[in-house]
Amino acid sequence: MPIPTELTVHQKSRLLELAFDDGSAFSIPFELMRVYSPSAEVKGHGPGQETLQVGKREVGIKDVEPVGNYAVKPLFTDGHDSGIFTWDYLYKLGSEQSALWQDYLARLHAAGFAGDSGRETGTVLPGALVRGGVCGSGHSH
């Protein structure tokens with residue numbers, strides 16, 4: 001398993017830059033990390049339980065907390081902070097970035113969003129309850 005040798009949060013460009021000990025390096029957009037968060041809130045509790053994340057184009061990362069020596073937990077500006085990103089998962093996000101983007105855009109289109117309109121800040125899923133800004137507040141799976 002490749003281990004990061006560098007991890008840099010770029011606030012302005014909204015990119016997490018990673019270099020791994022196998023020589024690979026990736027710049028992962030915060031938005032991609034947020035919509036593919038490995039948290040139960042996003043992933044659900046099994047296949048088909050995923051919640052499509054919308055309106056995350058402008059999401060930022062306020063802080064990144066280390067989790068042992070195997071992962072990090074980003075604190076996103078939309079209040080989401082329950083995703084634990086292992087080194088393996090970050091490597092996957094970086095190395096499969098273009099396929100993951102295509103999959104995400106396809107899921108937005110399937111939900112009825114034209115172009116990449118589902119990425120715009122303030123967008124909500126049709127029929128979704130609009131809640132206060134805290135992720136997961138009072139929402140059960």
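We number each residue from 1, following the sequence as shown. As the structure is a prediction and not an experimental result, all values here were calculated from the model.
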If you apply the rule side-chain contact (heavy atoms from CB on, under 4.5 Å), what do you find for Lys56 with Asp78, and how did you get there? CA-CA 8 Å; Lys56 303 301 178 187; Asp78 65 355; 2.7 Å; yes
By ring pair (Phe, Tyr, Trp, His ring centres under 6.0 Å), Phe113 pairs with (sequence neighbours left out) none
Exam field: side chain [X] to backbone [Y], donor-acceptor pair closer than 3.5 Å:
{"X": "His80", "Y": "Arg34", "value": "no"}
{"X": "Thr77", "Y": "Ile61", "value": "no"}
{"X": "Gln53", "Y": "Val42", "value": "no"}
{"X": "Glu58", "Y": "Gly122", "value": "no"}
{"X": "Asp63", "Y": "Leu75", "value": "no"}

Check whether any side-chain heavy atom of [X] lies under 4.5 Å from a side-chain heavy atom of [Y], and answer yes or no.
{"X": "Leu90", "Y": "Leu16", "value": "yes"}
{"X": "His10", "Y": "Glu17", "value": "yes"}
{"X": "Met1", "Y": "Trp87", "value": "yes"}
{"X": "Leu32", "Y": "Leu100", "value": "yes"}

With clusters built from Ile, Leu, Val, Met, Phe, Trp and Tyr whose side-chain heavy atoms come within less than 4.5 Å, directly or transitively, what are the remaining members of the cluster of Val67, listed by chain and number? Tyr70, Ile84
Once rounded to the nearest 0.5 Å, what's the spacing between atom [atom1] of [X] and atom [atom2] of [Y]?
{"X": "Leu18", "Y": "Leu93", "atom1": "CG", "atom2": "CG", "value": "9.5 Å"}
{"X": "Arg57", "Y": "Glu120", "atom1": "CZ", "atom2": "CD", "value": "4.0 Å"}
{"X": "Phe26", "Y": "Lys92", "atom1": "CZ", "atom2": "NZ", "value": "12.0 Å"}
{"X": "Ile28", "Y": "Leu15", "atom1": "CD1", "atom2": "CG", "value": "9.5 Å"}

What heavy-atom pair brings [X] and [Y] nearest, and what distance separates the two atoms?
{"X": "Thr123", "Y": "Ser117", "value": "OG1-O, 3.4 Å"}
{"X": "Pro74", "Y": "Met33", "value": "CG-CE, 3.8 Å"}
{"X": "Asp81", "Y": "Lys73", "value": "O-CD, 3.2 Å"}
{"X": "His109", "Y": "Gly115", "value": "NE2-O, 2.6 Å"}
{"X": "Leu125", "Y": "Leu52", "value": "CD1-O, 3.5 Å"}
{"X": "Phe85", "Y": "Ser37", "value": "CZ-CA, 3.8 Å"}

How are the rings of Tyr91 and Phe20 set to each other: parallel, tilted or perpendicular (split at 30° and 60°)?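 Ring orientation, 0 to 90° scale: perpendicular.
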Can we say Asp103 and Arg107 salt-bridge, meaning some charged N sits less than 4.0 Å from an Asp/Glu carboxylate O?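 Yes, this pair counts.
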Decide side-chain contact (heavy atoms from CB on, under 4.5 Å) for Phe30 and Gln11; before the verdict, give the C-alpha distance in whole Å, the side-chain angles of both, and the deciding distance to 0.1 Å. CA-CA 9 Å; Phe30 295 169; Gln11 298 290 358; 4.2 Å; yes
List in chain and number order the residues that pass salt bridge (charged side-chain N to carboxylate O under 4.0 Å, His left out) with Arg119, two or more places apart in sequence or in another chain; answer none if no residue qualifies.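 Arg119: salt bridge (charged side-chain N to carboxylate O under 4.0 Å, His left out) contacts with Glu31, Asp116.
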Output, in order, the C-alpha distance, side-chain angles, deciding distance and verdict of side-chain hydrogen bond (donor to acceptor under 3.5 Å, both in side chains) for Ser24 and Asp22. CA-CA 6 Å; Ser24 57; Asp22 68 351; 2.5 Å; yes
